[in-house]
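Hydrogens, waters and symmetry mates play no part in the numbers below; they use all other heavy atoms, side chains included.
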Amino acid sequence: MALLDRLVEPFPHVETRDVVGVLRDSVAFVDPRLARLDTERDDTFRVDHATGTHLVKVAHPNDPPALLDAQDAALAAAAAAGLPVPELVARATLDGRVVRVLTWLSGAPGSRPPLRDTGRLLGRLSRALAPVEHPGADRVLAWDLRRVPELAGYTDEPLLADAIARFAAEVSPVLEGLPRQLTHHDLHPGNVLTEGGRITGILDFGDLVRTARVCDLGVALGYLIPDDGSGRAVCEEFIAGFEEVAPLSAEERDVIPGLVVGRELQRIVINEQLGRSGTGSFDAARVRRTLARALEDWT
């Protein structure tokens, strides 16, 4: 199977009434009322019921049970470390797909809390996930930064092709020698909840993967650097917060600018593929400006 095949393959969405039936019959929710949430890989709902509010995720039909178990193990480890993550309440099945009921977290996504606070949050999460061992996280994931060289077959645009080749030559060999562990791999502002300027939640462990731990910083910073100037100050502040909790080696720090470029390359190439198959959207012009700035900072 080619790298992007599972990302661009459409899947049948579940009917809301069928999810209501599962929640009523298997989870014993009284009068469940669902609101579908926008997600890329699964069917996700907010459910309000007689005694509260929960999050419901109906897994993608191609996601193996081992991967879902790994995500649950990561959530449990993060919760045990005192991090604000959804906690698993119940499991059920619907037409062979796993249905997970999780706690609902307060707050709203999309804002940008202080960089140092976000870096510290990722450092705490990285430390919490470090001891978790689960074979379900050992997988091929298109968004894994180690896979950037494999994007070469999806673009013939010279700028992108040259940057991918440079990543393969300069970043990939270094990553092979760096510490590996489970990583969240998707800590962008849309997956961080805030309320009153305070971080209240970390969402979406769907891209969980075992890879070089420093990749988590490259991913997060790829969404935080500006598109109208150097991102060096942003990176320094974020990394300082991370290192308050989880110090990096010199080799890890040195590879971060290349990883940020790698995430911008993924955002462009993968999202263009998703767009061509009618599943997803992104601000292409802005991401391309961000890539240009990231390339300038990658010296």
### Smallest separation among heavy atoms of Ala78 and Ala128, with atom names
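The pair with the smallest heavy-atom distance is CA-CB, 4.2 Å.
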
### Query
Which heavy-atom pair separates Gly262 from Phe167 by the least distance, and what is that distance?
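Scanning both residues, the minimum pair turns out to be CA-CE1, 3.9 Å.
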
### Task
Give a yes-or-no answer on whether the side chains of Arg100 and Gln71 include a donor-acceptor pair shorter than 3.5 Å.
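Side-chain D/A pair, Arg100 to Gln71: present.
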
### Ala294: partners by side-chain contact (heavy atoms from CB on, under 4.5 Å), with sequence neighbours left out
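Once residues adjacent in sequence are excluded, the partners of Ala294 under the side-chain contact (heavy atoms from CB on, under 4.5 Å) criterion are Ile225, Val260, Val261, Glu264.
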
May I ask you to say whether [X] pairs ionically with [Y], meaning some side-chain N is under 4.0 Å from a carboxylate O?
X      : Y      : value
Arg41  : Asp63  : yes
Asp227 : Arg288 : no
Arg97  : Asp95  : no
Asp43  : Lys57  : no
Glu236 : Arg253 : no

### Task
Sort and list the pairs that fulfil side-chain hydrogen bond (donor to acceptor under 3.5 Å, both in side chains) and have at least one residue in residues 24-35, not counting sequence neighbours.
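Those involving residues 24-35 are Asp31-Arg33.
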
### All pairs passing side-chain hydrogen bond (donor to acceptor under 3.5 Å, both in side chains) where residues 129-139 contributes a residue, at least two apart
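For residues 129-139, and leaving out neighbouring residues, the side-chain hydrogen bond (donor to acceptor under 3.5 Å, both in side chains) pairs sorted by first residue read Glu133-Arg210, Asp138-Arg210.
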
### Task
Would you mind telling me which of Arg112, Arg116, Arg120 makes a salt bridge (Lys or Arg N to Asp or Glu O under 4.0 Å) with Glu237?
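Per the salt bridge (Lys or Arg N to Asp or Glu O under 4.0 Å) rule, the option paired with Glu237 is Arg116, out of Arg112, Arg116, Arg120.
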
### Query
Tell me, do Val148 and Val171 make a side-chain contact under 4.5 Å, heavy atoms counted?
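Result no, sub-4.5 Å side-chain heavy-atom pair not found.
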
### Query
Any side-chain heavy-atom pair from Val58 and Phe45 closer than 4.5 angstrom?
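Counting from C-beta outward, Val58 and Phe45 do come under 4.5 Å.
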
### Message
Against Cys215, only a single residue in His185, Arg263, Glu252 fulfils side-chain contact (heavy atoms from CB on, under 4.5 Å); can you say which?
### Response
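Checked His185, Arg263, Glu252 against Cys215; only one passes side-chain contact (heavy atoms from CB on, under 4.5 Å): His185.
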
### Query
Does His49 offer a backbone N or O that forms a donor-acceptor pair with the side chain of Thr53 under 3.5 Å?
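Answer holds: no.
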
### Message
I'd like to know if the side chain of Arg124 and the backbone of Ala246 have a donor-acceptor N/O pair within less than 3.5 Å.
### Response
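The answer is no, because no donor-acceptor pair under 3.5 Å joins these two groups.
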
### Cationic tip of Arg293 above Trp298 ring, under 6.0 Å, 45° of axis
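The answer is no; the distance or angle limit is not met.
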
### Query
Once the angle between the rings of Phe205 and His184 is folded into 0 to 90°, is it parallel (under 30°), tilted (30 to 60°) or perpendicular (over 60°)?
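Perpendicular, since the angle between the ring planes exceeds 60°.
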
### Task
May I ask you to decide if the ring planes of His60 and Phe11 are parallel, tilted or perpendicular, using 30° and 60° as cut-offs?
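Tilted.
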
